[in-house]
Number of protein chains: 2
Amino acid sequence: MTEIKGNFRSITVADLAFPPREGGYAKGHETREAILAASLNLLVEEGYQAMSMRRVAAACGMKLGNLTYHFASREDLVRGLLDAVIRAYEIEFAAIVHMPGTPPEERLAEICGLILEDIRTKKTTRVFPELWALSNHDPFVFERVQETYARARAPLVEIVGEMRPDLSEDQRHDLALFISASMEGTTMFAGYEKPFEARMPMIETIAIKSFVDLVRNWEDPEPN
Amino acid sequence: MTEIKGNFRSITVADLAFPPREGGYAKGHETREAILAASLNLLVEEGYQAMSMRRVAAACGMKLGNLTYHFASREDLVRGLLDAVIRAYEIEFAAIVHMPGTPPEERLAEICGLILEDIRTKKTTRVFPELWALSNHDPFVFERVQETYARARAPLVEIVGEMRPDLSEDQRHDLALFISASMEGTTMFAGYEKPFEARMPMIETIAIKSFVDLVRNWEDPEPN
DNA sequence: ACAAATTTAGGACGCTTGACAACTTTTATC
DNA sequence: GATAAAAGTTGTCAAGCGTCCTAAATTTGT
């Protein structure tokens with residue numbers, strides 16, 4: 001596994017979403033993240049097939065050999081990319097979790113709103129379907145993606161717990177699981193379904209209200 | 001566009017989900033659907049890259065030349081596969097729509113329950129991430145996928161309308177859109193996230209209750 | 001029995017791929 | 001300014017790809 005080292009500046013969502021490209025990157029110490037940005041761009045724009053070593057190298061304005069110098073294999077590149085994307089989102093989520101002492105209901109709404117709006121408007125969203133498809137066949141990608149979602153879910157579980165201390169751990173998890181899955185589907189559709197995109201602001205409102213109400217009122221159904 | 005013709009038996013979800021394979025398919029008149037089943041299998045199991053003309057032919061126990069006899073190009077194969085998958089799901093959905101005159105709330109719950117459980121338990125679910133990834137780069141796939149979802153959403157819009165005749169057409173659409181997106185995310189997660197799978201029955205209960213409550217109580221927020 | 005549809009068995013074309021080896025240039029450090 | 005490490009260049013390799021082709025054998029419908 002190629003380690004990201006030295007004074008490598010960790011890639012932000014913005015970097016990944018709108019990579020600089022004009023006239024080739026390269027040079028100096030940021031080559032690595034330039035490669036990752038170019039890879040992501042190719043992956044999102046033209047799919048995994050297009051993310052070949054040669055095309056990535058070309059997109060960076062460098063030679064193939066130099067790319068293999070930084071990433072020995074294509075798999076290495078995928079792993080590096082995954083790490084970068086995950087790191088970017090973790091920064092995103094970390095910023096969301098730590099919010100001043102507003103009531104949990106508001107924070108739930110805030111978090112969901114941020115995730116829905118923030119992620120939707122970033123190009124990086126589109127990387128997830130690709131990652132899902134990849135994860136279907138690559139255990140490494142599978143585990144990393146799963147891990148990412150679990151981590152993204154943690155603050156949700158926490159807030160649900162604050163709102164409903166009467167619920168069991170399992171119940172909180174179930175609610176958070178449903179909410180995150182629901183958000184995932186929503187942002188997913190937003191990127192792919194044209195009619196959805198236009199109505200997104202209202203859908204977001206619906207989603208958030210639905211989530212808050214759900215957590216507020218949830219009771220396990222009586223066994224019949 | 002290669003037309004599916006003659007006494008070609010339309011592929012069912014079951015066929016696609018559990019294709020026969022022992023000792024190669026071939027023979028007789030069902031070659032075409034055998035090819036499609038093998039293609040789907042490769043697509044789902046190993047990804048789009050693996051769905052090469054040569055591997056599909058090999059998986060069917062036939063020669064490359066014979067495959068190109070039925071599907072002149074790889075694109076033809078993709079289109080044929082897309083048609084088959086969509087047709088299978090339309091049969092599925094059609095069966096769901098036609099239900100006796102129970103109250104709309106029950107029918108909403110019923111439909112959502114069917115979609116969530118029925119589709120989740122089928123292997124074909126896993127084809128959708130692949131299709132999404134493909135649709136990102138192929139306009140043909142994109143339009144077909146979008147069309148399919150729109151069609152699947154229609155009965156939902158209808159039922160929402162029955163439950164809430166006071167809502168505008170737009171409002172009904174928004175609610176149905178959110179519900180279907182939410183379900184998509186849920187079934188999606190179910191296929192990919194291990195912790196999700198085990199808790200799926202409860203998540204389904206949560207989802208359905210959440211959807212019914214949402215439609216029952218939704219009011220547009222006042223403009224502030 | 002006959003014609004059409006299907007299948008086999010090959011091969012060939014031009015192209016892209018991931019991987020790698022040998023080489024040169026740049027860069028940092030003493 | 002020497003020197004070693006890092007970065008970048010160039011060319012090659014076998015393998016796989018989609019597409020196209022021919023010629024013969026087989027199955028199928030009628």
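Each chain gets a letter, A, B and so on, in the order its sequence line appears, and its residues count up from 1.
Aromatic rings from Trp132(B) and Tyr149(B) are positioned such that their centres are separated by under 6.0 Å.
Each of dT7(C), dC17(D), dT10(D) was ranked by its minimum atom distance to the side chain of Lys63(A); first place goes to dT10(D). Taking every side-chain heavy atom of Ser73(B) into account, dT19(D) is the closest of dA7(D), dT6(C), dT19(D). In the set dG18(D), dT7(C), dT17(C), dG18(D) carries the atom at the smallest distance from any side-chain atom of Arg74(B).
Rounded to whole Å, the distance from CZ on Arg55(A) to P on dT17(C) is 8 Å. One can place OH of Tyr69(A) at 18 Å from P of dA19(C), the figure rounded to the nearest angstrom. Taking atom OH on Tyr48(B) and atom P on dT17(C), their separation rounds to 15 Å, with Å as the unit. As a whole-Å value, the separation of Met62(B) CE from dT7(C) C1' is 8 Å. Atom CG of Leu67(B) is separated from atom C1' of dC20(D) by 14 Å (rounded to the nearest Å). One interatomic measurement links the two molecules: CG of Asn66(A) to C1' of dA22(C), which rounds to 15 Å at whole-angstrom precision. Taking atom CG of residue Leu77(A) and atom P of nucleotide dG18(C), one finds them 10 Å apart after rounding to whole Å. Between the CG atom of Leu64(A) and the P atom of dT16(C) there is a distance of 14 Å, rounded to whole Å.
Side chain Arg54(B) to base dG18(D): a donor-acceptor pair is found below 3.5 Å.
For dT7(C), one of the phosphate oxygens OP1 or OP2 lies less than 4.0 angstrom from a side-chain nitrogen or oxygen of Thr31(B). Considering only side-chain N and O atoms, Thr68(B) lies nowhere under 4.0 angstrom from the phosphate OP1 or OP2 of dT19(D). Close to dA5(C), at under 4.0 Å from its OP1 or OP2, lies no side-chain N or O of His70(B).
By the 6.0 Å and 45° rule, Arg151(B) does not stack over the aromatic ring of Tyr89(B).
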